[in-house]
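Okay, structure first, notes after.
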4 protein chains.
Amino acid sequence: MSDIKAARKNRIIEAALRIFAEKGFQEATISEIAKAAGVSDATVYEYFKTKEDLLFTIPEKLTGDALREFRETILPYLRGTEAKLRAIVQTYMSLYERNPHYSALVMLQLKANRNFLKTSSYEQIRDAARELLDCIRAGIADGTFKKDVDPLLVRSVILGSIEHLCVRWHLLGTPSNLVEHVDPILDLVLDGIRAPGPAKEISVHLHVTADGVKVENAGDAPGGKRGKGEE
Amino acid sequence: MSDIKAARKNRIIEAALRIFAEKGFQEATISEIAKAAGVSDATVYEYFKTKEDLLFTIPEKLTGDALREFRETILPYLRGTEAKLRAIVQTYMSLYERNPHYSALVMLQLKANRNFLKTSSYEQIRDAARELLDCIRAGIADGTFKKDVDPLLVRSVILGSIEHLCVRWHLLGTPSNLVEHVDPILDLVLDGIRAPGPAKEISVHLHVTADGVKVENAGDAPGGKRGKGEE
Amino acid sequence: MSDIKAARKNRIIEAALRIFAEKGFQEATISEIAKAAGVSDATVYEYFKTKEDLLFTIPEKLTGDALREFRETILPYLRGTEAKLRAIVQTYMSLYERNPHYSALVMLQLKANRNFLKTSSYEQIRDAARELLDCIRAGIADGTFKKDVDPLLVRSVILGSIEHLCVRWHLLGTPSNLVEHVDPILDLVLDGIRAPGPAKEISVHLHVTADGVKVENAGDAPGGKRGKGEE
Amino acid sequence: MSDIKAARKNRIIEAALRIFAEKGFQEATISEIAKAAGVSDATVYEYFKTKEDLLFTIPEKLTGDALREFRETILPYLRGTEAKLRAIVQTYMSLYERNPHYSALVMLQLKANRNFLKTSSYEQIRDAARELLDCIRAGIADGTFKKDVDPLLVRSVILGSIEHLCVRWHLLGTPSNLVEHVDPILDLVLDGIRAPGPAKEISVHLHVTADGVKVENAGDAPGGKRGKGEE
DNA sequence: CATGAATGAGATTTCATTCAT
DNA sequence: GATGAATGAAATCTCATTCAT
């Protein structure tokens, strides 16, 4: 019984997700959604107070699930600030790309809606964004990132980049693919905020003899700049 | 006569800009706009085919003026890729901050509107964005930026950051100020894409005698990586 | 079982009485009433065919009880037309005042409802009104009231007065009290319809002598005007 | 132009009056009224904010006209409290009888509506009722009526009687005629509140002779109570 | 028998848009 | 050219009522 209800509610949400994403909130009608969900108009109102309530309820599950999965399944296994950051961005991009209706809804219908800010769905989205912020702050605290970067700004750059790409993807069809930009974005951003490594030390053993000078050994000192930054 | 008409049209556009920005496209009514402009509803339709046409026409002037001014008054006096980039971003941010109704309109009402993509207003916005892209490409070509960065991605990062901040500014009221983020954003992004200087060459003159070794000279080679201090 | 059912039905009726009286028939919803009665919507329909049927059923019990009590407990102990009349009006006013929901329902929701005229509840109310009419007719027949008054009109005056006060009481809050108007109304109406007493006869014994005239006896005849009218 | 508008508005009001009176507020639909008025649904809303606003506006004109006419055309020519009273009641009854839709609307739809109390239409009705009250008070002041009657109560008796008859007339079809009850109601009420005249004085001339006694003259004193026959 | 759940059936109301003047 | 006035065309939302369990 409760299952039937839940299923019905889900069907309404799924229909609404698709139709709102495709036609926009204003252009979509409850009738259309109800028909797509196989219920009557009135039934939609059994589950949702208003059309806007329906809109605002849609992202709840997906956002919650994604955040939960990230926290439970992914986060615990990550070591290192950068790895975490990469995982977060990857999670966003992958979520958006694998659920284009969802991302279209969030990017095109909800992000600019003042009322949405007051909903619990928005709370979840904010939670996810806070995870990213915490990660950046941790990176600053542990010396991975420069001390003087503004973590909020860094987050804005990252989220802004993600969102911009996602919107382009939806409206212009380009890029054709979101996840492949995860690394480039992060490389760019990380290069911009990474703390410089300790100065490189070079030791050169010169063997000076009458015959000449022979370089016997030239080795990088440990602690040199690692990673992609050298590209 | 034509002046009177132009003035009338401008009054309608200004009223519409304010009202659309404050209440959103759907919530605003033609009646309201007409009243605010001091004309009749029907007169609005003398100048604009539909409500949406009015919406799409609004940003035309401001966008065009801003772009023209940038090209004519600012651009010619700039030397260097980074200076140009900084000027572009500064122009965006300043335009958005000094014209909050305009930026609210663009960010909250137009950016997500599929129909807007087909308008000439959008063409102008695209032109401005192309200016930014050209600048990035020029930076790559002239060796300011790494050869392997994706200029489109860099632009997305920059525009995304700008837009994200602007949307937050409108919806959340934070940050309280846009232009002060111009430099931090660019510092971050530029640090991420700047080409490394030519490898640092160090020449050490060792004076090896029976008495010992004396370092005679140790100097940086020209072309070393410049630090932040120079910005 | 039947008791449980009867109790349930009563709970529904009581809830409906209160809610219909407070919000009006149209504004009240079955859901609301069902919830207040602690039953489901559908259960309401087990006991009442329609919403209107519920409305019409509500006054049945109270009206019937009041009429029955009047006939059984009060009427038998009354002697005289005026006493009866006073008791009837007192019963109305007291019933209305002690059961404000009931009187609001009758005065504000039912009295103007054409369909109500066909119900058995209305029959009861008509019965009560007939009691009043009978009493007036009896008063005419027994010479208490003038022969030429129209009993229907008298009843209309009495009922109209009662109803007018009751409606004012509900809508305007004034008078603050109904029963205290019983006597004033009746005094007014009775004074207007009471039959004049038999002509007053005066006998004067004049003792006429040569010495003069002496009034020996002057007495009222029996049958002079009685009652409150002289106050 | 304005005439056309006014005419249109009147047509809507007249259609609404008829339909609201016939079917009741809830049963009537705007569509029906619009059709009967020969306009579109939307046009109704050009003239009236809501359906209820339309309802409340209907009685305005008729009530106002009637009150104005009474005050300007009738009242100035009346002498004496009772004549005035009679004229007021006559005006009510005649208005109600000659405009059955209007009286049905007022008696069956408006009188019990709490929101109506806040309208300007109700103000007018209250004004008319105040006229009646003033008249009663004047009668008390000038000695026509007993000093100790409650003028508000008298008014309630009069208005209640009128309303009761009017409601019966609409719902039951009886009496078949309202105005013929004006006099009987007033006779009844006036008889109940009229101040008693000065005591009747009788002078008898007895002519006493040896032959016997002859009554020479027996006349009523002036100022004796007038009987019904004189009305 | 009680009810949770679903819905049929509209009605009100809103505006963008048109058109005659 | 400007506009007052009218309206076409829906869409949201509400409930009384029904029915399967």
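Because the structure is predicted, anything quoted here is derived from the model rather than measured. Proteins come first, then strands; the chains are lettered A, B, ... in the order of their sequence lines, and each starts at number 1.
- Each of B:Lys49 and D:Lys49 was assigned the nucleotide of DNA chain E with the nearest heavy atom; the assignment lying further toward the 5' end belongs to D:Lys49.
- Using a 4.5 Å heavy-atom cutoff, the side chains of A:Glu52 and A:Phe25 are in contact.
- By the 4.5 Å heavy-atom criterion applied to side chains, B:Tyr102 and B:Met107 are not counted as neighbours.
- Less than 4.0 Å separates DNA chain E from at least one heavy atom of each of the following residues of residues 30-48 of chain D: D:Ile30, D:Ala42, D:Tyr45.
- For D:Phe56, the ring pair (Phe, Tyr, Trp, His ring centres under 6.0 Å) criterion is met by D:Phe116, not counting sequence neighbours.
- At whole-Å resolution of the value, CD in B:Gln26 and C1' in E:dT14 are 12 Å apart.
- Annotated stems with DNA chain E as a participant read E:2-21 with F:2-21, given as range with range, by first number; only runs of 3 or more Watson-Crick or G-U pairs under 3.5 Å qualify.
- The shortest side-chain heavy-atom distance between B:Leu55 and B:Leu105 falls under the 4.5 Å cut-off.
- In this entry the distance linking CG of C:Leu55 with C1' of F:dC15 reads 16 Å, nearest Å.
- Regarding contacts with the backbone of F:dA5, every side-chain N or O of D:Arg8 stays at 4.0 angstrom or more from both OP1 and OP2.
- Side-chain atoms of B:Thr57 and B:Tyr47 form no donor-acceptor pair, as typed in the model, at a separation below 3.5 Å.
- A straight line from CG of D:Asp53 to C1' of E:dT12 spans 14 Å, rounded to a whole angstrom.
- At a cut-off of 3.5 Å, with distance as the only test, no side-chain donor of A:Tyr45 or A:Thr50 sits close to an acceptor on the other residue.
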For C:Leu108 and C:Leu171: C-alpha separation, side-chain torsions, deciding distance, then whether side-chain contact (heavy atoms from CB on, under 4.5 Å) applies. CA-CA 9 Å; C:Leu108 306 180; C:Leu171 295 187; 4.0 Å; yes

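- If you measure from atom NZ of D:Lys51 to atom P of E:dT14, you get 15 Å, rounded to the nearest angstrom.
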Would you check, one step at a time, whether the test salt bridge (Lys or Arg N to Asp or Glu O under 4.0 Å) holds for D:Arg126 with D:Glu123? CA-CA 5 Å; D:Arg126 179 140 70 175; D:Glu123 282 300 317; 3.2 Å; yes

Checking B:Glu46 against B:Arg8 for the salt bridge (Lys or Arg N to Asp or Glu O under 4.0 Å) test, could you report, in this order, the C-alpha distance in whole Å, the side-chain angles of both residues, the deciding distance, and whether it holds? CA-CA 11 Å; B:Glu46 288 284 321; B:Arg8 207 186 277 264; over 6 Å; no

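- What separates CD of D:Glu27 from P of E:dG10 is a distance of 13 Å, to the nearest Å.
- Rounded to whole Å, the distance from NZ on C:Lys9 to P on E:dA2 is 12 Å.
- Rounded to an integer number of Å, the gap from CD of C:Glu52 to P of F:dC15 is 17 Å.
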